[in-house]
Number of protein chains: 2
Amino acid sequence: MLSKKTKYGIKALTFLGRQEDNNPVAIASISKSENISLKFLESILLTLRKNGILASKKGKGGGYYLLKLPSEIPMTDVMRILEGPISMVPCVSLNFYEKCDDCPDENACAVHNLMMQVRDNTLDVFRNTSLADLCNC
Amino acid sequence: MLSKKTKYGIKALTFLGRQEDNNPVAIASISKSENISLKFLESILLTLRKNGILASKKGKGGGYYLLKLPSEIPMTDVMRILEGPISMVPCVSLNFYEKCDDCPDENACAVHNLMMQVRDNTLDVFRNTSLADLCNC
DNA sequence: ACAAACCCTATAGATTTAGTAGATTAATAA
DNA sequence: TTATTAATCTACTAAATCTATAGGGTTTGT
């Protein structure tokens, strides 16, 4: 299941991507528009900023804005930052690999081989989708 | 992330599917072979039985066995029983649909549309894979 | 009698989803 | 220059839910 953190994060990014200019938008403004708990959204935007997706401006007239063009933000990046690994098991993860302790041989593991396929398909979707694609729908 | 419940369940099913005959196999036997906590496995096999995948026999020589041929058990069924919905958000789920309370219009929701694609791809994998496929690897 | 599944309860730990309180920074008005 | 206000930032807390077991007793078939 997708966490609300990720869901809200994507919605916030889409909201920012749909702005005409790229001026800072206050958290409260996004929070109201997208029905997201303000303080929760605050922490989500913070992690997006720390990971190079967003930038922020403090003080009056401040807020968050995109660091790149929506077309230059692939959903793989967003998903990995917010949700973590894209694969359903660590033993097939590209960026978060971890060996299973209960599994003597990965290549003989039914779960491993099945989840490889799922990962490949899911990865294809995220790789071929940028934030810009989400903004136009 | 795939829960251990699902992972163990698939491993147990694969183990059963690889048996030459379809005689009952004791939980303890599966537990040892696949390195799965006995009591946890117990509850997993129980839900698989209640959902028509497995049958059981009590007493001496008893255990669990498959109700159908491995080739007749699609992974969609297994996943839905053990893991629940295949989609990452309830609002794109076929079998576990639920409306989002924060979302006024599903068709305009970026998350919704993205997750539809992911669901379709994942579903394809599970639909085209039966337990028999997992047993041969 | 024994061996096996069955069933019920509890629980420690992790994760998720926030809420609360206050500090810091920057623009603006007096 | 100073005060005010609007905003982000930081840290702590907390409720709720989920996960992965563990324990113990019951029932049923051989």
Side-chain angles (χ1 to χ4, degrees), chain A residues 1-12 16 23-32 34-51 53-67 81-85 88-90 96 98 100-102 111, chain B residues 1-12 16 23-32 34-51 53-67 81-85 88-90 96 98 100-102 111:
Chain A
M1 276 288 143
L2 200 73
S3 65
K4 294 210 171 178
K5 179 180 172 185
T6 305
K7 186 184 174 188
Y8 292 164
I10 295 175
K11 282 193 163 193
L16 289 175
N23 291 335
V25 179
I27 304 178
S29 175
I30 307 174
S31 159
K32 275 177 200 163
E34 301 293 324
N35 298 309
I36 305 172
S37 143
L38 188 118
K39 293 302 279 184
F40 193 25
L41 180 58
E42 203 177 314
S43 74
I44 295 169
L45 296 179
L46 207 56
T47 71
L48 285 170
R49 194 204 54 151
K50 285 180 180 165
N51 284 279
I53 304 288
L54 294 177
S56 66
K57 209 176 157 222
K58 282 189 182 179
K60 204 167 196 169
Y64 280 91
Y65 56 96
L66 292 172
L67 215 45
I81 291 168
L82 294 173
E83 190 72 7
M88 298 185 80
V89 279
F96 300 84
E98 227 173 298
C100 299
D101 39 355
D102 58 311
V111 178
Chain B
M1 276 287 144
L2 199 74
S3 66
K4 293 211 172 177
K5 180 179 173 185
T6 305
K7 186 184 173 187
Y8 291 166
I10 294 174
K11 282 193 163 195
L16 289 174
N23 291 335
V25 179
I27 303 178
S29 175
I30 307 175
S31 159
K32 277 176 200 165
E34 302 293 324
N35 299 309
I36 305 171
S37 143
L38 188 119
K39 295 297 280 185
F40 193 24
L41 182 57
E42 193 180 319
S43 74
I44 296 168
L45 297 179
L46 207 56
T47 70
L48 285 170
R49 194 206 54 148
K50 285 179 179 166
N51 284 280
I53 304 288
L54 294 177
S56 65
K57 212 178 155 216
K58 284 187 181 178
K60 200 169 197 171
Y64 280 92
Y65 57 96
L66 294 171
L67 256 178
I81 292 167
L82 294 173
E83 191 72 6
M88 298 184 82
V89 280
F96 300 83
E98 226 172 299
C100 298
D101 39 355
D102 59 312
V111 178

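In what follows, chains are A, B, ... by sequence order, proteins preceding strands, each numbered from 1.
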Notebook entry, point to check: In whole Å, what is the span from the NZ atom of B:K39 to the P atom of C:dA4?
Noted result: 14 Å

Notebook entry, point to check: Of the candidate nucleotides C:dC7, C:dA3, C:dA18, which contains the atom at the shortest distance from the side chain of B:K60?
Noted result: C:dA3

Check: Under 4.0 angstrom, heavy atoms only, what part of the nucleic acid is A:I27 near: base, sugar-phosphate, or nothing?
Finding: sugar-phosphate

Margin query: Does B:K4 reach a base, just sugar-phosphate, or nothing at all? Heavy atoms under 4.0 Å.
Written below: sugar-phosphate

Notebook entry, point to check: Does B:S43 put a side-chain nitrogen or oxygen below 4.0 Å from OP1 or OP2 of C:dC7?
Noted result: no

Notebook entry, point to check: Is there a side-chain contact (heavy atoms from CB on, under 4.5 Å) between A:L48 and A:L82 once you walk through the steps?
Noted result: CA-CA 8 Å; A:L48 285 170; A:L82 294 173; 4.0 Å; yes

Checklist line | Length of the CD1-P vector between B:I36 and D:dT21, whole Å | finding: 10 Å

Margin query: Looking only at the side chain of B:K58 (C-beta and beyond, no hydrogens), which of the listed nucleotides C:dA27, D:dA22, D:dG29 gets closest?
Written below: D:dG29

Check: If each of A:E83 and B:V25 is mapped to the nucleotide of DNA chain C with the nearest heavy atom, which maps nearer the 5' terminus, i.e. the 5' end?
Finding: B:V25

Next item on the list: Using atom NZ of B:K7 as one end and atom P of D:dC18 as the other, report the distance to the nearest whole Å.
Entry: 22 Å

Notebook entry, point to check: If you round to the nearest 0.5 Å, how far is CD1 of A:I36 from NZ of A:K4?
Noted result: 10.5 Å

Check: Separation of A:N35 atom CG from C:dT17 atom P, in whole Å?
Finding: 16 Å

Notebook entry, point to check: Atom CD1 of B:I30 and atom P of C:dA4: how far apart are they, to the nearest Å?
Noted result: 12 Å

Check: What integer distance in Å separates B:L46:CG from C:dA4:P?
Finding: 17 Å

Checklist line | B:Y8 side chain near D:dT21 phosphate (N/O to OP1/OP2, under 4.0 Å) | finding: yes

Check: What are the two closest non-hydrogen atoms of B:L38 and B:A28, and how far apart are they?
Finding: CD1-CA, 3.5 Å

Item checked: Sole residue of A:L67, A:T47, A:L45 in side-chain contact (heavy atoms from CB on, under 4.5 Å) with A:L54 -> A:L45

Check: How do A:K5 and B:L45 order along DNA chain C: which one's closest nucleotide is nearer the 5' end?
Finding: B:L45

Margin query: From CZ of A:F40 over to P of D:dA16, roughly how many Å is that when rounded to an integer?
Written below: 17 Å

Note to self: Please determine whether a side-chain nitrogen or oxygen atom of A:K57 lies at a distance below 4.0 Å from atom OP1 or OP2 of D:dA6.
What the structure shows: no

Margin query: What's the closest nucleotide to the side chain of A:S3 if the choices are C:dA18, D:dT10, C:dT17?
Written below: C:dT17

Notebook entry, point to check: Rounded to the nearest 0.5 Å, how far does CG of B:N23 lie from OH of B:Y65?
Noted result: 10.0 Å

Checklist line | N or O in side chain of B:S37 less than 4.0 angstrom from D:dA22 OP1/OP2 | finding: yes

Notebook entry, point to check: Are A:D102 and B:K11 close enough for a salt bridge, meaning some N to O gap below 4.0 Å?
Noted result: yes

Check: Between B:L38 and A:K50, who's closer to the 5' end of DNA chain D by nearest nucleotide?
Finding: A:K50

Check: For the pair made of CG in A:L16 and P in D:dT8, what is the distance, rounded to whole Å?
Finding: 11 Å

Item checked: OP1 or OP2 of D:dT8 under 4.0 Å from side-chain N/O of A:R49 -> no

